[in-house]
Structures are given as structure tokens and as C-alpha cells.
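Naming convention: chains lettered A, B, ... in sequence-line order (proteins, then strands); numbering from 1 in each chain. In what follows, every heavy atom counts, from backbone to side chain, and hydrogens, waters and symmetry copies are set aside.
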Amino acid sequence: MKKIKKLGIRGGLYLIMVLYALSILVPLYVMFMTSFKSNAEIFNNPFGLPEAFSMDAYVNLFVISNYGKYFMNSIMVTVLSLGVAVTISALAAYAVSKYSFRYNKAIYLYFVIGMIVPIKLGTIDIMITMLRLRIYDSLWALIIVYIAMAIPLSVFVLYDYIRMVPDELSSAARIDGCSEPGIFSRVIVPLIKPGLAAAGIISFIPNWNEFWFPLVLIKTKENYTIPLATGQLFGQFDTKLNLVFAVLSLASVPVIIIYLLLSNYFVKGLSAGAVKG
Amino acid sequence: MLEAKKKHARFLFLFIFPAFIIYTMFMLVPILNSMRYSLYTGTGLLPDQFVGLDNYVRLFTEERYYSQFWNAFGNNIKFFLIVTLVQNIGGFFMAVMISRKFRGNKFMRKLSFLPTTLSVLVVGYIFKMILNPYYGVFDKFLELIGLESLIIPWLGDARSAIWVVALAVSWQFLGTSILFYTSGIDGISDSIMEAARIDGANVWQEIIHIILPSVLPIVAIVTILIFIGNFTQFDIIFAMTGTRGDPNYSTDLFGSLFYRTAFSNSDRGGWGTGMGATVATMMFLIVTVGVGTFLYFFSKKREALEK
């Protein structure tokens, strides 16, 4: 009797897991597969695999729209903003975690509180500032905002990595006559490379997907990023279904690949935050 | 940690300064400045005429303003309740299951977080397409299994639309709460679980007496993160029901209300910069009061539990 009950629980567990997995995989399957179908096939054969994997939608997308340019824009914005954000966050995190002075704890908290500050609510002023700086409607406007957005989480992640570097290493370097900035670049940085990677990777996804700021700050087509292009093209191709799904697939492929390759970073970084939180 | 001396001051300043200035200028100052703009009115982009709290008075006394404000408020509460319940209850039970040992549990952990990495916009569009009354796969599937009588215009009906957008968001971010809860459950020491099992505790007793108390702080984190996200949510509405929260403003949330009122022309629902800033300030107030209330509530709960 007990054995049957146990089997039942097992079976129920597997059933729920399979249903949950399907609920995730089916929408993604529909998105990718529909992008390879012709419009007629989408109506006649909504569930099956495409009869012939047609790349028409993708070819068309690059011909009619400037998709390659949008992609490069997104890469430039992401790489520059994350590179700068992680670098300056590491400097700040080092200063507040390895030196005790009157405000080091307060400065750390000041940075970290930004993780829950809804920056969207300051958009009106950001827009006005960008107009004043004459970088409204340019990628620089996005890059600056994204640097600011990535700082809190980067400081939070790097603070712990830097604190774990034993103090003996820096004092040994100091005795050897190494300057304080030299200690950072020659002792600390080589040891916190995984932390630098983690900070960059965790911020990559929200950064790559960010839609609100380009929507408000970018008007010229040449300066679209992938999310803004996705939003605009979706409206434009309303009736060409395979094109629409190709747009959605292309927007998702980079993040899915990065996630599958580096998922341990996400899971570790985020769950560490959760437990400490 | 090294005691900072005078000779360190210059370089400490140089190290902290870049992050400090960008973070302050482009995250915190804009929110404060937006609050300041809510005290001004004017026709241009930059409101220049000081009117004190007049914008707030108008927001709550003129029908064309307060009807939309309270409508978005009500929708947002509904949206938040659906998402929180699904993500906390669903996420908790999924985490309890996923953290058990079974074949494929590593795969499920990885898969559950996958939708979170997609953009909210893409998720919104996928579901919009899947639920389309003409070519949507979902209705075709219901027909296939003989449930076509259930079909309604999912996003076209004011009663179902808010549920659909809320469930789309819950589907996407369920993985986050599963991740948070599993990390809490993984943190419970095996010996405690072992002891409970030897004492003959069944699965339910295990959940209620051991797992639930130890993940309570995580309920607080998950709920607060959802609250902040939901009360500034915009992308899902833009993708699924448009910036007016169709049909008939039934899915209009604060995020879309803010976008419309602050960044659209007056013929498309714009209220001017001063009024838009007033909406932003009210949202900031609601988020702050909400987070404060949750923190208070959960810390009380925790104290009670520790006694």
C-alpha cells in the first residue's frame, strides 16, 4: 500500500514536471517553427514541423529592414555600458570593501539601494538631461543610462568577491612597495575575474532586453536597438506572420545561447543574492 | 580591512567618484527632479510655471484625470495579486518538487529560468500571436481536443484580458521565484530533513513545519520584487494590449498610464510634462509605501515565528 502511494507521488511529480516543461517549450517551439513556414502553411499546419525550412522570412528581414545595423547597435550599447559599469563598480567596490573610513558602509548601502529604485520613474528628467547634453536620440544616451542601471548590482556582486581576497596578499604587495592603485590592478583584479564575469553576465540580460529607454530616447531609425526594432517591426509586419516570428526569434536567440552556455553564473549570482538579501 | 589614512584619501576619492557620480546623476537625481517638475506646469517640454501642489489637486479632483488614475490603480492591484499568488504559491510548490531528487531535476532547474531571460516584449508578442482569434495556435488546440466552446476573444474581452497579461508575466517570471525558493530549500540542512523523516513526518508536515518557516524571508523578497516590477510594468502592456491598455483601458497599468500621459501628444492621451511628473511621483510614493508595508509586515511575521 505504501509502495503504491509512493509510486503515485512519483508519477504525479513527473506528470507536473512534464506539463511545466511543455508550457515553456511549446511557445518557444511555436515561435521558432512558425518563422520557417510560409503564410499558407501557418494556417494549414499550425502545430507540425515546417514542410520545408524556409529562410525567406530571415532573408526578407535583412533586406527590408536595417536589421544588421540594429544588431550592431545593441552590441555596441551592451558591450560599452557593461564594460564601463563593471570597471567603475569594481573600483568603487574595492574602495569601500578594503578600506575602513567614516562612510564606507554608508556609500556601499547607497549604491546597493539602487537595486530596488525604479529608474523608469525618473525618465522625464533623463530625457531633458539628454536633450541638454545634446545626446538625445543617440546611442550615447542609452549607454549612460545603462551604465547607471548596472552599477548597483555590479557593486553588490563585486563587493563580496573582493572582500574574500585575503588581506595578507595586499599587505605583502604593500610591503614590496606596490602603490594602492597598483594593488588593485595587480593583486585584486586577477583574483576577482570570475566576479567581473558574473557581474557582466547578470547585467547582460536586462541590458540586452531593455525596451523602455530606447522607446523614449531614440527616434532615428538608424539608432534602434534590437528591442526597439522588435517593437517597431512587429507593428509594421502585422500580417506577415513568418516575418513577425522571425523578428521575435532573432531577438531571443542571443540571450538563449548566452544563458545556455553560462547559466551557472546566473543561478549562482542570483541565488547568492536571494539568500543574503 | 585597512584603516584609511590621509595618503589614501585622494585615490579612494578617485576610485569611488566615477561610479558615484554616474549613479547619482542618472538614477537618483532624475527621480528627485521629476518630483520637482510635478510642482510646475507649462506647455513646452520643460514645465516652467510654479503651481505648488495644484497638479496633485487636479489629478484627484478633475474627472478626466482621476478616472484614469484610479482605473490604472485598480488594474495594477488586480494584476499584482494574480502575479504574486501564482509566483509565490506556484513557485513555492514547484521549488519543493524540483529540489527533490529525480531524473531530470537539473534540467528542470535550468529550463524553468529560461523564459526569464527573454525580453518581456517578446514574451508578450508570442502570447499575443498564440492567442490570436484567427491564426492563434491556442484556439486551434482547443478545437482539436473538442473544447471549442471555451474559446473567447482572450485579449479582446475586458474580463479576461487582465488575466491573460498577468498570467503571461507570471509564466515568464515563475522561474525567478523557483530559483529563489530552491536556493532557500537547498539551504536547509539535510540532517533536519532526515530527522523529520525518521520521526515519521509526511510530505505535508515537512512542508509546513520545516520548509515553509525557513523560506519565509524569501517570500518577502519575491513579493517585494514582484511589487516593484508590477507597479512599473510597461512592456507587457505595450506588446499585448497597446499603450491604452485595450480593451477600453481594462489592462491599463501605471506603467502604460505614465508612458501615455508623460510622453505622448495631447491627442494621444498626453497630459503634459508637469502632470506626467505628478503621475511618476504618485507611482514612486505607492511603490515606497508598498515596499515599506511589506517590510514591516514580514519583519513582524518573522518575529512572531521566532518566538
*Contact origin within I205(A) toward chain B - heavy atom pairs under 4.5 Å*: side chain

*Side chain / backbone / both / neither for M31(A) at chain B, heavy atoms under 4.5 Å*: side chain

*Measure distances from S171(A) to the heavy atoms of chain B and classify the residue's part below 4.5 Å as side chain, backbone, both or neither.*
neither

*Run the side-chain hydrogen bond (donor to acceptor under 3.5 Å, both in side chains) check on Y259(A) and T116(B) step by step: do they pass?*
CA-CA 10 Å; Y259(A) 172 66; T116(B) 309; over 6 Å; no

*Check each atom of R174(A) against the heavy atoms of chain B and say whether the ones under 4.5 Å are side chain, backbone, both or neither.*
side chain

*asked:* Is I113(A) close to chain B through its backbone or its side chain, or both, or neither, when contacts mean heavy atoms under 4.5 Å?
replied: both

*Does the ring centre of F211(A) sit less than 6.0 Å away from the ring centre of F238(B)?*
yes

*Interchain contact, F204(A) with chain B, by part (heavy-atom threshold 4.5 Å)*: neither

_Atom group of M283(B) that falls short of 4.5 Å from chain A, counting heavy atoms_ = both

*Taking the side chain as every heavy atom from C-beta outward, state whether I24(A) and W171(B) have any pair of such atoms under 4.5 Å apart.*
yes

*Classify the ring geometry between Y23(B) and F111(A) as parallel (under 30°), tilted (30 to 60°) or perpendicular (over 60°).*
tilted

*Where does V117(A) contact chain B at under 4.5 Å (heavy atoms): side chain, backbone, both or neither?*
both

_Atom group of R10(A) that falls short of 4.5 Å from chain B, counting heavy atoms_ = side chain

